[in-house]
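FYI, the numbering just counts along the sequence from 1.
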Amino acid sequence: MTFMSKGVSLGCRRTCMSSSFYSTMLSKIHINAMRPTQMNCIPTSHQHVPSTSSNGLQSSTPCNRSGIHSFRYHDTACAVKNGDVQYTMTASNEYQVYSQAMNCILAGKKFQTIHKSLDSQGIWSKDVFHSFNCWLLMKEPLVDQSVTRNRWYNLKEDWLFGAIEAMYMTRSAFASELRLQRETFKSTILANSNNLSTLHAFPPSFFPMAQLVFQEMIKQCTHNSQPAASRVVWEKIKESGMLMNQVTISTLLKTLQSADISEKYAQEIAMYSDCLYEPTKTSLILRIEGLLKEGKTDLAEEVAEHSNHSIPLQTYTEILKQQCRVNAVFLALSLFKRMQRKWGSKLKAEVYLSIISTLAANGCLRNDSQPIEGAGAIGYKHTSGPEIFDEIVGQMSKYHYSIPSNSAIDLYNAFTKEFNVSSDYMNPDSTNVSSSIVPKLASPAQPNELVLGRVTLGKTTGICPVTNTKQRLVLLDEDERNQIRDDLLQLAEEAYTKTNGRSSKDKKERASIELRKFADWLDEKRTDRPYTSIVDGANVAFHMRSLSNDKFNYHQIKAVVEALKANGEHPLVVIPSKFTKPSFLVSNRYRQRLHEDEKQILNDLKESDTCFIVPPICEDDLYCITAVLNISEDDDSMNWLGRKPSLITNDLMLDHLRKLRKSTFSRMYTCHAVRFKFNSFSEKVGCTNVQFTPANYFVEEIQGIDCSVNNGNKTWFFPVSGWKKHDRLVVKIFK
């Protein structure tokens, strides 16, 4: 179609001046008008910029240069009509920004040079130039707003609600409407010749030049983050029926989106782009959002599914949430299953909980509920009742370990809508504002009763006082262990590269080779006398370092080792080789020299086979994790500190948690990490009198446990962000 031309023909007759001339000439214009410190206007004595007259047009009057320095603006003025927000193009705040910027563009030396060049060739007379300037700087719309508004409203309806197959018909209609708008604009300019100029014919170069000026304006608005002027530009484009290239329209949409513009503006520009060119990712998302606002969830999903662009997960999540809000159960289940297959672990906990809440609110989780028609055909093993609840939550527990507090409240409200929840055993806890809406359960559940609320698990037993179920210690299987081992080897090489910069492949691999040697050494020790506690030497030695002047304190390591041995432990202290030298840098300002008593402590550790010196090229934390991984057994064996072997450290190892697989590493770390503190301190030996905090007796993650109360289904426990450490949201649906 001719209206999609990439040139500057723009639906009107070409002039003898080529488009490349306009592009070349205007590309030389460097507009600094919107930069307060770099004004590029001609001198005040020679500068004449149109000013507003009583009829809304502009007259040529001198411009005060100092008045063009500020471009701050406030929210756009608007009025509500028939439920739709109508933005006024003449709002003084945004028009002022626009007019100041446009004044400098038109009065700039380089634009004047273009004008003189066009005038010398007989293309632009003074009347044409005056008419062009007057329209650009008009405060009030030239074309009747009702004509423009009705035309764009009808087009937007066709674009928003039309089927995918009808897009080409919409484009054809759009092209026709724009041609009519251009003709209306031309005739209006000529009819207002007494105000604008004495034009007798519409200049064919009018649109190409306006297009180039607006391109520069939009570019400068984007560069200077001034979207107010861009809104006026868009109104000018609409009333003139002008065709802009796709790059400019995309830039305009991006500029206005950054200012959090109204849905009306965003959808209009997206429609303009879609109907002239191929739909973009941004325009499709805006169309989907518009459909969701109108409640057209099925059409919104159709647009997303048939798009040639990769629609982001967030947009699909909004579609799913809207389907849940309108209780479209099957549509929500179907979309959820496709999202699982496409994004898997990237789905947020809120997505799972939206589905569960919808099923609960619609009575689909009751034991006597009817099967959801078609659920089996789209991949669900169960089609209703507690079983489909177990199925979805089980999938969720693979990727998520807690749920947000607001989601816990939503889930509670959804269940209470369709289930009769007894209040006999409820004791609301008002001490925590975020969880006060979810009642705290205080006594054992009754037969045939939905268990739903907040419970506090036994700190050392993990037993729920309501269902009498015990939280389990989830162990790593062999595949998970091997995966962590492989990740640790890779991290060892990455840590070496980060510390030593670029190096040869052989040197880089040396870090992983040394870590493998350490693992083999541990395997040999297991056959003799296995270690039961791994001590993070650096973390212990630097504990309360501010009290000991940043000193690496061997006496603190000795205190921890002696405390462990006194309780029957066989500890292994992991120490970086740097701190075993006679002297070493602790910081940029301090070099520490080991005293004789500190050297003796180190020698005693070596002689008793109680320490391992990490090679200088390696990360000591990785050796601590490797030791725990290699020594731990495949059973629930516990000692007084928790799961064997214990990892004595106050380091949360968050940097490693981000790099390793969160599920497996977090599960391993929480069951082995033992925190410590010293109850006394002296300047000579540092901290002494060690106190240990045992590791968790159960993992902090979503767990489903078979319940013996009334032959019930699984009891699910959800850690909730913002709740106390041992508090859980408990859900048990009776059979």
How many angstroms lie between atom [atom1] of [X] and atom [atom2] of [Y], to the nearest 0.5 angstrom?
X    : Y    : atom1 : atom2 : result
L629 : I484 : CG    : CD1   : 5.5 Å
E619 : E493 : CD    : CD    : 14.5 Å
S577 : F584 : OG    : CZ    : 11.0 Å
C618 : L491 : SG    : CG    : 12.5 Å
S345 : Q395 : OG    : CD    : 13.0 Å
I285 : K281 : CD1   : NZ    : 6.0 Å

Partners meeting side-chain hydrogen bond (donor to acceptor under 3.5 Å, both in side chains) with E596 (sequence neighbours left out)
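For E596, no residue satisfies side-chain hydrogen bond (donor to acceptor under 3.5 Å, both in side chains) once neighbours in sequence are set aside.
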Using side-chain hydrogen bond (donor to acceptor under 3.5 Å, both in side chains) as the criterion, list what pairs up with E514, not counting sequence neighbours.
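Testing E514 for side-chain hydrogen bond (donor to acceptor under 3.5 Å, both in side chains), a comparison that skips the adjacent residues, returns none.
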Is any side-chain heavy atom of [Y] closer than 4.5 Å to one of [X]?
X    : Y    : answer
V466 : V730 : no
L411 : I356 : yes
T580 : I575 : yes
Y554 : D597 : no
K565 : E569 : no
L515 : Y623 : yes
D727 : V455 : no
S533 : P645 : no

Please answer whether the main-chain N or O of [Y] pairs with a side-chain N or O of [X] as donor and acceptor at a distance below 3.5 Å.
X    : Y    : answer
Q556 : V540 : yes
S397 : G394 : yes
T649 : D651 : yes
H400 : L347 : yes
N567 : A563 : yes

Considering non-hydrogen atoms only, spot the tightest contact between [X] and [Y] and give its length.
X    : Y    : result
F698 : G458 : CE2-O, 3.4 Å
A519 : N630 : CB-ND2, 3.4 Å
W723 : S405 : NE1-CB, 4.4 Å
I557 : G537 : CD1-O, 3.7 Å
R728 : K725 : NH1-O, 2.8 Å
I705 : T469 : CG2-CB, 4.2 Å

Over 12 non-hydrogen atoms of neighbours within 6.0 angstrom of [atom1] in [X]:
X    : atom1 : answer
K346 : NZ    : no
K470 : NZ    : no
K342 : NZ    : yes

Set out, in order, the CA-CA distance, both residues' side-chain angles and the distance that settles side chain to side chain contact (heavy atoms under 4.5 Å, CB included) for K219 and T251, then state yes or no.
CA-CA 7 Å; K219 184 170 67 176; T251 305; 5.9 Å; no
Checking side chain to side chain donor-acceptor pair (under 3.5 Å) between Q483 and each of D487, D486, D479, which is the one that passes?
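For Q483, the side chain to side chain donor-acceptor pair (under 3.5 Å) check succeeds only for D487.
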Quick one: which residue pairs count as a ring pair (Phe, Tyr, Trp, His ring centres under 6.0 Å) with a foot in residues 461-491, not counting sequence neighbours?
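Qualifying pairs: none.
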Kindly write out the residues that satisfy salt bridge (Lys or Arg N to Asp or Glu O under 4.0 Å) with R675, not counting sequence neighbours, or none if the list is empty.
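Result, salt bridge (Lys or Arg N to Asp or Glu O under 4.0 Å) vs R675: none returned.
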Sidechain N-carboxylate O distance under 4.0 Å for E598, K551
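Between K551 and E598 there is a salt bridge, with a charged N closer than 4.0 Å to a carboxylate O.
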Is the closest basic N to carboxylate O distance between K714 and D390 below 4.0 Å?
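Between D390 and K714 there is no salt bridge, as every charged N stays at least 4.0 Å from the carboxylate O atoms.
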Verify side chain to side chain contact (heavy atoms under 4.5 Å, CB included) between F717 and L457, making sure each step is shown before the conclusion.
CA-CA 10 Å; F717 296 89; L457 304 175; 4.1 Å; yes
Do M339 and T317 pass the side chain to side chain contact (heavy atoms under 4.5 Å, CB included) test, and can you show the C-alpha distance, the side-chain angles, and the key distance before you say yes or no?
CA-CA 9 Å; M339 291 170 66; T317 301; 3.9 Å; yes
Would you say [Y] and [X] are linked by a side-chain donor-acceptor pair, where the criterion is simply a distance under 3.5 Å?
X    : Y    : value
H543 : N553 : no
E350 : S407 : no
K440 : T456 : yes

ring-ring contact (aromatic ring centres under 6.0 Å, His included) partner of F336, chosen from Y352, W343, Y316:
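Between F336 and the candidates, ring-ring contact (aromatic ring centres under 6.0 Å, His included) is satisfied uniquely by Y352.
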F692 and F676: CA distance, side-chain angles, deciding distance, ring pair (Phe, Tyr, Trp, His ring centres under 6.0 Å) verdict
CA-CA 4 Å; F692 298 103; F676 65 90; 7.4 Å; no
Apply side chain to side chain contact (heavy atoms under 4.5 Å, CB included) to residues I403 and M396 and explain how you reach the verdict.
CA-CA 10 Å; I403 64 175; M396 174 184 174; 3.3 Å; yes
Could you give the side-chain donor-acceptor pairs of residues 605-613 under 3.5 Å, partners two or more places apart or in another chain?
unit_1 : atom_1 : unit_2 : atom_2 : d
S608   : OG     : D604   : O      : 2.8
S608   : OG     : L605   : O      : 3.3
S608   : OG     : T610   : OG1    : 2.6
D609   : OD2    : K525   : NZ     : 2.4
T610   : OG1    : S608   : O      : 3.1

Sequence neighbours excluded, which residues qualify as side-chain contact (heavy atoms from CB on, under 4.5 Å) partners of S310?
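For S310, no residue satisfies side-chain contact (heavy atoms from CB on, under 4.5 Å) once neighbours in sequence are set aside.
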